[in-house]
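Below is one structure, written out as structure tokens; comments come after it.
Whatever order the structure lists them in is the order used to number ligands and atoms, beginning at 1.
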Amino acid sequence: MLAANDWLTIALAKGRILPPTLDLFEAAGINCDEVREESRKLIFTLEEHKLRFIMAKPTDIPTYVEYGVADLGVVGKDVLMEQDKELYELLDLGIGPCRLSVARKAGCEDFSGGYVATKYPRTAERHFQGQGKQFEVIKLHGSIELAPLLNLADVIVDLVSTGKTLVENNLVETETIAYITSRLVANPGSYQVKGGRVMDLVNRLEQVLDVNEVKPC
Ligand SMILES: Nc1ncnc2c1ncn2[C@@H]1O[C@H](COP(=O)(O)OP(=O)(O)OP(=O)(O)O)[C@@H](O)[C@H]1O
Ligand SMILES: O=P(O)(O)OC[C@H]1O[C@H](OP(=O)(O)OP(=O)(O)O)[C@H](O)[C@@H]1O
């Protein structure tokens, strides 16, 4: 008989990375139909696989995993870099490819210092401190591209994928800080105690990723 700790709880990010995450789990043999249905349910129990999915905001995923209420989580590298928690990063899932970049208004001078608007204050600080620039970070929660247009900030640090948002707002990308994809992360304690189950899932996902040949972004 399976022991209680043969159950795994996985925190999944609601939003744009949820559909490709479910695609991946399905390809690994885990039927996610119930999770895909339009619903306000936040916890899904998959008895057959002894899995529990919890649906959380992307930026909260590391917290659920850190405290061990989720054994595993799927979250963007952008969030992991910003929060820098003690989690094990087990797999690059290749989902949600984009880059974290610096951008400014087209035609403006290069950034030598000033105001930086971003959802990622710690990452931005590390970046500009490393360049020895004098700056002040303004934390925003979305539509970051507004900041330079309204002269709230000289530059932004934000995610770029197609580049459409920058182009449509007359902004230009000047530096790439990091290439981003979503990662499978583990609570270190869960990794020790539930190693067999965790590695079984990792192996299944790895096989799917091998078939799909995740390309570096
Ligand atoms: N334009 C994009 N293209 C591809 N991946 C992206 C893009 N924007 C964000 N991502 C990735 O998807 C993750 C989740 O983004 P999503 O837009 O769903 O949530 P969010 O805006 O960060 O959070 P919230 O919904 O709480 O505001 C990000 O952490 C990042 O890794
Ligand atoms: O290069 P693109 O393909 O245009 O994508 C980049 C945009 O996507 C994200 O915003 P999101 O859609 O999550 O909205 P938000 O501004 O509310 O965070 C990101 O913050 C950029 O604004």
Arg52 with Asp71: basic N within carboxylate O range, under 4.0 Å:
no

Could you go step by step and tell me if Phe53 and Phe25 meet the ring pair (Phe, Tyr, Trp, His ring centres under 6.0 Å) rule?
CA-CA 11 Å; Phe53 285 134; Phe25 278 94; 5.4 Å; yes

Can you list the atoms of ligand 2 that are under 4.0 Å from a heavy atom of [X]?
| X | result |
| --- | --- |
| Lys164 | 1 (O), 4 (O) |
| Ser143 | 15 (P), 16 (O), 17 (O) |
| Val160 | 1 (O) |
| Thr165 | 2 (P), 4 (O), 5 (O), 6 (C), 7 (C), 22 (O) |
| Glu145 | 21 (C), 22 (O) |

Ligand 2 N/O within reach of Ser161 N/O, cut-off under 3.5 Å
yes

Hey, does Ile144 come in under 3.5 Å of ligand 2, counting only N/O atoms on both sides?
no

Please confirm whether [X] comes within less than 3.5 Å of ligand 1 when only nitrogen or oxygen atoms on both sides are compared.
| X | value |
| --- | --- |
| Asp78 | yes |
| Lys57 | yes |
| His141 | no |

Centroid-to-centroid, Phe128 to Phe111, below 6.0 Å?
yes

Kindly indicate whether the side chain of [X], heavy atoms from C-beta on, has any atom under 4.5 Å from the side chain of [Y].
| X | Y | answer |
| --- | --- | --- |
| Lys77 | Tyr179 | no |
| Val157 | Leu100 | yes |
| Ile10 | Leu201 | yes |

With a 4.0 Å cut-off, strictly under, does atom 14 (O) of ligand 2 pick up any protein heavy atom?
no

Determine the sole option in Val74, Leu72, Leu24, Leu184 for which the side-chain contact (heavy atoms from CB on, under 4.5 Å) test with Leu91 is passed.
Leu184

Non-hydrogen atoms of Pro58 versus ligand 1: any pair closer than 4.0 Å?
yes

Looking at ligand 1, would Lys119 count as a contact under a 4.0 Å heavy-atom criterion?
yes

Consider ligand 2: state whether an atom of it lies below 4.0 angstrom from any non-hydrogen atom of Arg16.
yes

Would Lys119 count as a contact of ligand 2 if the rule is a heavy atom under 4.0 Å away?
yes

Tell me which protein heavy atom sits closest to atom 3 (N) of ligand 1, plus the residue, atom name and distance to 0.1 Å.
Ser161 CB, 3.2 Å

Test side chain to side chain contact (heavy atoms under 4.5 Å, CB included) on Lys105 and Asn151 and set out the steps.
CA-CA 10 Å; Lys105 270 199 281 194; Asn151 295 321; 2.9 Å; yes

Between Ile180 and ligand 1, which part of the residue brings a heavy atom under 4.0 Å of the ligand: side chain, backbone, both or neither?
side chain

Evaluate the criterion side-chain hydrogen bond (donor to acceptor under 3.5 Å, both in side chains) for residue pair Glu173 and Ser101; output intermediate values, then yes/no.
CA-CA 7 Å; Glu173 191 176 354; Ser101 294; 2.7 Å; yes

Going by the closest heavy atom to atom 4 (C) of ligand 1, which one wins out of Gly76, Pro20, Pro97?
Pro97

Would you indicate which of Leu159, Ile156, Asp158 comes nearest to atom 20 (O) of ligand 2 when only heavy atoms are counted?
Asp158

Can you name the nearest heavy-atom pair linking Ala124 to Val137, along with the distance?
CB-CG2, 4.5 Å

